[in-house]
Amino acid sequence: MIKLTCRAAGRVLCPGLRCFSGGEVTEHASGWIQSPHLTEQASLYVHWPYCLRRCSYCNFNKYIPKKNNDHIMTKCLQWETDTLLQLSQVSCITSVFFGGGTPSLTHPSTIAAILETLSKRVSLSDEAEITLEVNPTPAGMSKLDDFVRAGVNRFSIGVQSLQDEDLKSLGRDHSSQEALKTIEEARRLCPGRVSVDIMFGRPKQTVESWEKELSELLRICDDHVSLYQLTLERGTQLFKQVQCGEVTVPAEDVTAEMYQCARKTLQQHGFLQYEVSNFARHNSVSHHNVSYWRGKQYIGVGPGAHGRFVPLGEGGVFREARTQTLEPDVWIREVQQRGHGTRRRIQLSHLELLQEVLVMGMRKTRGISHKHWELFSPEMGLCEIFGASMDVQELVQSGQLILDDRGLCCSWDGLALLDSILPTLLVELERQILQKPHRDHSVFTDGQTKKTSNPQ
């Protein structure tokens with residue numbers, strides 16, 4: 001599963017929106033065109049949708065396979081990769097991330113085949129970061145060497161907990177000892193390029209037990225740690241257990257203390273926090289995820305994958321948000337019929353693009369520099385948009401937000417409150433950028449064009 005939040009604020013419209021109707025394209029002048037530098041490069045996300053079981057907390061797009069169709073899934077992933085690359089303006093892929101689901105269930109030849117397809121169509125440098133999510137079971141660990149031979153050079157290991165009782169209650173199919181062995185083997189194969197995911201806010205967890213667990217993790221981990229707070233997702237087994245009182249989770253103030261405790265502990269061990277949930281030492285950051293947070297293009301391949309890129313043709317200057325068909329069997333049929341399983345296309349207005357750049361960029365500890373913002377908004381800088389706002393100034397005066405000659409970012413304390421800061425910034429961004437009260441917005445679904453009206 002890919003560990004980031006890609007939701008922008010509620011969709012709003014602005015001049016510059018291009019409406020698709022009756023097969024013709026109309027364009028409203030906005031004075032903004034995305035530069036070739038931003039359209040020729042992208043990262044690639046490949047979604048392997050299958051798992052052996054469903055964890056009690058997980059609502060990701062994953063399926064328990066009824067039969068082994070790895071061969072056809074591999075062929076379709078290759079096919080869709082090739083098709084979407086042709087539909088884009090991308091000539092260079094900067095990183096690849098194999099997520100899921102449980103992509104370590106697949107055969108290493110699948111990874112090699114997709115990378116080969118990719119290399120035939122566009123440039124993929126020998127130094128490009130190729131990440132594979134790994135479930136730390138004996139089966140997953142046994143294939144690590146073969147995955148490296150196939151082209152993987154970075155592992156992201158879903159440890160989640162070092163407490164066997166917690167792993168069992170969460171529905172995980174590995175033990176703490178198996179996780180430790182997998183980390184050790186991964187570090188042997190890819191030293192300095194192994195990330196571990198650990199979860200806090202778990203049932204019955206305390207601040208004291210969390211501190212102890214972190215100390216144990218730091219004795220064996222490599223140079224990258226991702227922290228994730230357990231969230232209760234409607235429809236999951238855990239959500240139902242909490243709703244009926246069968247299971248309790250820590251209170252909000254306790255999880256907040258756990259987060260701050262982890263930040264300080266990781267810092268003391270040489271880890272630099274570079275994003276809300278991510279910490280690295282020796283500059284071992286996830287370059288793939290950094291590209292998301294910098295608002296760069298990405299192509300999403302596989303059932304349920306999401307993408308953001310400027311398509312070739314149709315004017316070729318406005319970025320689209322694309323979503324692939326969720327259900328694997330349906331997605332396979334669509335890929336076989338038309339080369340890809342894109343279910344939905346939405347052309348982003350300039351404001352919507354800036355919303356995503358803002359939401360993603362503010363997740364980084366360094367925030368958004370003036371120079372980076374100018375790539376997407378050459379006519380209105382950060383100070384012009386946010387500098388005169390009384391609400392923004394209150395956040396600056398309270399020490400939660402920093403707006404200076406470097407750019408816009410959260411303070412140490414502010415980063416922990418990002419969810420409450422973003423609405424203020426998004427309202428001000430909309431107020432400054434939006435010049436027309438209403439436009440139609442085009443949504444592409446099942447190959448057809450539908451027009452939808454969006455709220456202001």
Side-chain angles (χ1 to χ4, degrees), residues 1-2 42-54 60-88 90 93 95-124 128-135 137 139-158 189-190 288 298-307 322-343:
M1 66 186 74
I2 187 165
S43 57
L44 176 71
Y45 173 76
V46 182
H47 189 78
W48 183 265
Y50 301 125
C51 286
L52 293 180
R53 63 199 295 179
R54 180 173 287 276
F60 277 73
N61 185 44
K62 55 174 62 176
Y63 299 83
I64 313 300
K66 298 176 183 177
K67 59 182 179 180
N68 187 332
N69 65 345
D70 286 9
H71 177 71
I72 188 62
M73 176 59 69
T74 298
K75 290 295 183 184
C76 287
L77 287 172
Q78 288 180 268
W79 196 348
E80 186 170 68
T81 297
D82 191 60
T83 300
L84 293 184
L85 285 171
Q86 290 184 67
L87 291 175
S88 75
V90 173
I93 290 293
S95 63
V96 183
F97 194 105
F98 292 92
T102 308
S104 56
L105 287 175
T106 189
H107 195 277
S109 61
T110 294
I111 306 299
I114 294 170
L115 293 178
E116 182 180 3
T117 297
L118 179 63
S119 297
K120 287 180 179 178
R121 179 63 59 184
V122 297
S123 170
L124 178 68
E129 180 186 87
I130 314 295
T131 304
L132 176 77
E133 284 187 340
V134 176
N135 194 27
T137 60
M141 185 180 73
S142 68
K143 294 191 284 186
L144 294 183
D145 195 6
D146 290 332
F147 281 128
V148 171
R149 295 176 190 276
V152 172
N153 56 26
R154 184 177 184 274
F155 292 114
S156 178
I157 303 175
L189 294 166
C190 297
H288 183 87
Y298 56 99
I299 295 174
V301 170
H306 290 249
R322 287 182 172 236
T323 306
Q324 309 309 104
T325 293
L326 286 171
E327 208 280 325
D329 290 343
V330 179
W331 174 84
I332 286 172
R333 286 201 302 271
E334 292 177 355
V335 173
Q336 291 173 330
Q337 291 168 2
R338 53 192 173 95
H340 66 87
T342 301
R343 176 58 58 96

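Fair warning: this is a prediction, and the values are worked out from it, not measured in the lab.
- Here the side chains of L144 and M141 are in contact, with some heavy-atom distance below 4.5 Å.
- The aromatic rings of Y50 and W48 lie perpendicular to each other, with more than 60° between the two planes, well past the 30° mark.
- Here the closest non-hydrogen pair linking T83 and H340 is CG2-CD2, 3.8 Å.
- What you find for N69 and I332 is that their closest heavy atoms are ND2-CD1, 3.6 Å.
- Under a 3.5 Å cut-off, the side chain of T137 and the backbone N or O of G140 do form a donor-acceptor pair.
- Between E334 and R343 the shortest side-chain heavy-atom distance falls below 4.5 Å.
- Considering only heavy atoms from C-beta on, W331 comes within 4.5 Å of M73 through its side chain.
- Residues passing the salt bridge (charged side-chain N to carboxylate O under 4.0 Å, His left out) test with R121 are D82, sequence neighbours excluded.
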message: Walk me through whether S123 and I93 qualify under side chain to side chain contact (heavy atoms under 4.5 Å, CB included).
response: CA-CA 6 Å; S123 170; I93 290 293; over 6 Å; no

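- Residues K143 and S104 approach most closely at NZ-O, 2.8 Å, considering heavy atoms.
- Looking at heavy atoms from C-beta onward, E129 lies out of side-chain contact with S43 at the 4.5 angstrom threshold.
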query: Yes or no on side chain to side chain contact (heavy atoms under 4.5 Å, CB included) for L84 and Q324, after CA distance, side-chain angles and deciding distance?
result: CA-CA 11 Å; L84 293 184; Q324 309 309 104; 4.1 Å; yes

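- Closest of all the heavy-atom pairs between A139 and S142 is O-OG, 2.7 Å.
- Of all non-hydrogen atoms in E80 and V335, the two that sit nearest each other are OE2-CG2, 4.1 Å.
- Judged purely by atom type and a 3.5 angstrom limit, T325 has no side-chain atom pairing as donor or acceptor with the backbone of E327.
- Side-chain contact between V301 and Y45 is absent, with no heavy atoms from C-beta onward closer than 4.5 Å.
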Please tabulate, one pair per line, all N/O donor-acceptor pairs under 3.5 Å involving side-chain atoms of residues 112-119, not counting sequence neighbours.
unit_1 : atom_1 : unit_2 : atom_2 : d
T117   : OG1    : Q78    : NE2    : 2.9
T117   : OG1    : A113   : O      : 3.1
S119   : OG     : L115   : O      : 3.0

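- Judged by distance alone, the side chain of N153 and the main-chain N or O of I130 form a donor-acceptor pair under 3.5 Å.
- Looking at residues two or more places apart in sequence or on another chain, you find a salt bridge (charged side-chain N to carboxylate O under 4.0 Å, His left out) between D145 and R149.
- When all heavy atoms of P303 and L326 are compared, the closest pair comes out as CB-O, 3.2 Å.
- Under the 3.5 Å distance criterion, the side-chain polar atoms of T110 are left unmatched by any main-chain donor or acceptor of T106.
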field: R322/L87 under side chain to side chain contact (heavy atoms under 4.5 Å, CB included): CA gap, chis, key distance, verdict
entry: CA-CA 12 Å; R322 287 182 172 236; L87 291 175; 4.1 Å; yes

- prompt: Are V90 and I299 close enough, and set up right, to give a side chain to side chain contact (heavy atoms under 4.5 Å, CB included), and what steps lead you there?
  reply: CA-CA 9 Å; V90 173; I299 295 174; 4.1 Å; yes

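- The shortest distance between side-chain heavy atoms of F147 and F155 falls below 4.5 Å.
- Side chains of H107 and D146 form no contact here, defined as non-hydrogen atoms less than 4.5 Å apart.
- In this structure, the side chains of F97 and E133 come closer than 4.5 Å at one or more pairs of heavy atoms.
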